[in-house]
**Q** 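Please read through the structure below; I'll follow up with questions.
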Protein chains: 2
Amino acid sequence: MKLSKRGEYGLRAMIFLAVHAGESALFPIGVIAERENIPERFLEQILLALKNAGLLQSKKGAAGGYSLARPAEKITLGEIERVLDGPLAPIRCVSQMAYQPCDCPDEAACGLRMAMFEVRAAVAGVLDRTSLADVAGQVRAVR
Amino acid sequence: MKLSKRGEYGLRAMIFLAVHAGESALFPIGVIAERENIPERFLEQILLALKNAGLLQSKKGAAGGYSLARPAEKITLGEIERVLDGPLAPIRCVSQMAYQPCDCPDEAACGLRMAMFEVRAAVAGVLDRTSLADVAGQVRAVR
DNA sequence: CATAAAATCTACTGATTTAGTAGAATTTAC
DNA sequence: GTAAATTCTACTAAATCAGTAGATTTTATG
């Protein structure tokens, strides 16, 4: 049930952009990496993936950088996590986005499946209902 | 956020024992493995770990086998999962059982931490509140 | 127009974790 | 005494993870 470094770094970068959106229109990778203690070349890959998924915008060249592709209210943590680490479901046979049958004798009477269905719902409930704006709001409230 | 095969097999075996507890006092590994489609030598290791953690009882020798160490009402899925895959928290800095600081600049104002705290609570909420008896009841209701 | 700062694309690599296998010892019912 | 079972320890192949590296393209600015 662990979050990968890829997921961790990507979420941190997206939250960073949401929190600091007012300060600058665009943030280069190097700035995000330095402020969040993330290896720069690794973050590079991650942001590229998020851009190809339509969650980030970028501008090349000098004075270029990244920004959120949509308003922070319209991007959820669930979307980000799915791009970076795949389906949220702990087991494929309860995945909404990427269902696959498991090898249990009878799926309809599978106790594990019933339990994992609830786990998936609980995780997706949090992640799909929490937007970057929600998180940014919480962060600003603390500082 | 994925469940390992180790966790999957272990949970399946424990649920099997809870569901079929009435039929026999003891089930040998081979029987569980066959009925649940689990590699026998692998399951062997898993059940041993669950026994050493106090969740299973065993009897050696001919006519030996495994059974739950406590009534099914008193064993939760969360306990089992922690034995097999470690802490439930997606990130160590929100783990109740195995906290460790992360390397974000300011833990108190870390948006990722706030969000993952909720995810951990959601997962633990399901797993720590669901007992093997609950699952067994659901399975019996379907058949 | 040259230069520097930035993203982009593709490939590679070392370390760790996962998912098992294997062998030998021990215990117990019959 | 033998067969059926758990127990203990070690090993290994494959996959995944975390990160590096090199070369290219784009763009602002002086």
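Residue numbering restarts at 1 for every chain, and letters A, B, ... go by the order of the sequence lines. Everything quoted here is computed from the prediction, not taken from an experiment. Both backbone and side-chain heavy atoms feed into the values below; hydrogens, waters and symmetry mates do not.
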**Q** Would you mind reading off the distance between B/K5 atom NZ and D/dA15 atom P, rounded to a whole angstrom?
**A**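 B/K5 atom NZ is separated from D/dA15 atom P by 14 Å.
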**Q** Using whole Å, report how far CZ of A/R6 lies from P of D/dG19.
**A** 12 Å
**Q** Give every pair of a protein N or O atom and an N or O atom of nucleotides 3-8 of chain D that lie under 3.5 Å apart, one pair per line with the distance.
**A**
residue: D/dA4; atom: N3; partner: B/A62; partner atom: N; Å: 3.4
residue: D/dT6; atom: OP1; partner: B/I29; partner atom: N; Å: 2.8
residue: D/dT6; atom: O3'; partner: B/S58; partner atom: OG; Å: 3.4
residue: D/dT7; atom: OP1; partner: B/K51; partner atom: NZ; Å: 2.9
residue: D/dT7; atom: OP1; partner: B/S58; partner atom: OG; Å: 2.5
residue: D/dT7; atom: OP2; partner: B/Y66; partner atom: OH; Å: 2.2
residue: D/dT7; atom: O4; partner: B/E44; partner atom: OE2; Å: 3.2
residue: D/dC8; atom: N4; partner: B/E44; partner atom: OE2; Å: 3.1

**Q** Whole angstroms only, please: what is the CG-P distance between A/L43 and C/dC9?
**A**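 Result: 16 Å.
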**Q** Output the rounded distance in Å from CD (A/Q45) to P (C/dT10).
**A** 12 Å
**Q** Taking the side chain as everything from C-beta on, heavy atoms only, tell me whether A/Y66 gets closer than 4.5 Å to A/K51.
**A** yes
**Q** Tell me: CZ of A/F42 to C1' of D/dC17, nearest whole Å?
**A** 7 Å
**Q** Going through the distances and angles, do B/R92 and A/E8 end up as a salt bridge (charged side-chain N to carboxylate O under 4.0 Å, His left out)?
**A** CA-CA 11 Å; B/R92 294 298 285 271; A/E8 178 186 333; over 6 Å; no
**Q** Do the non-hydrogen side-chain atoms of B/M14 and B/L56 ever get within less than 4.5 Å of each other?
**A** yes
**Q** From NZ of A/K2 over to P of C/dT17, roughly how many Å is that when rounded to an integer?
**A**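 After rounding, the gap between these two atoms is 8 Å.
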**Q** Can you tell if the side chain of A/L11 reaches within under 4.5 Å of the side chain of B/M116, non-hydrogen atoms only?
**A** yes
**Q** Taking OP1 and OP2 of C/dA19, is either one under 4.0 Å from a side-chain nitrogen or oxygen of B/Y9?
**A** no
**Q** Write down the distance between CD (B/E8) and P (C/dT18), rounded to a whole number of angstrom.
**A**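 One finds 14 Å between P of C/dT18 and CD of B/E8, rounded.
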**Q** Over how many whole Å does the gap from A/L26 atom CG to D/dA28 atom P extend?
**A**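 Taking atom P of D/dA28 as the reference, CG of A/L26 is at 11 Å.
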**Q** Do A/V19 and A/R143 touch side chain to side chain, with heavy atoms closer than 4.5 Å?
**A**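 Answer yes - side chains close enough.
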**Q** Hey, which of B/L132, B/L68, B/L47 is the one that makes side chain to side chain contact (heavy atoms under 4.5 Å, CB included) with B/L17?
**A** B/L68
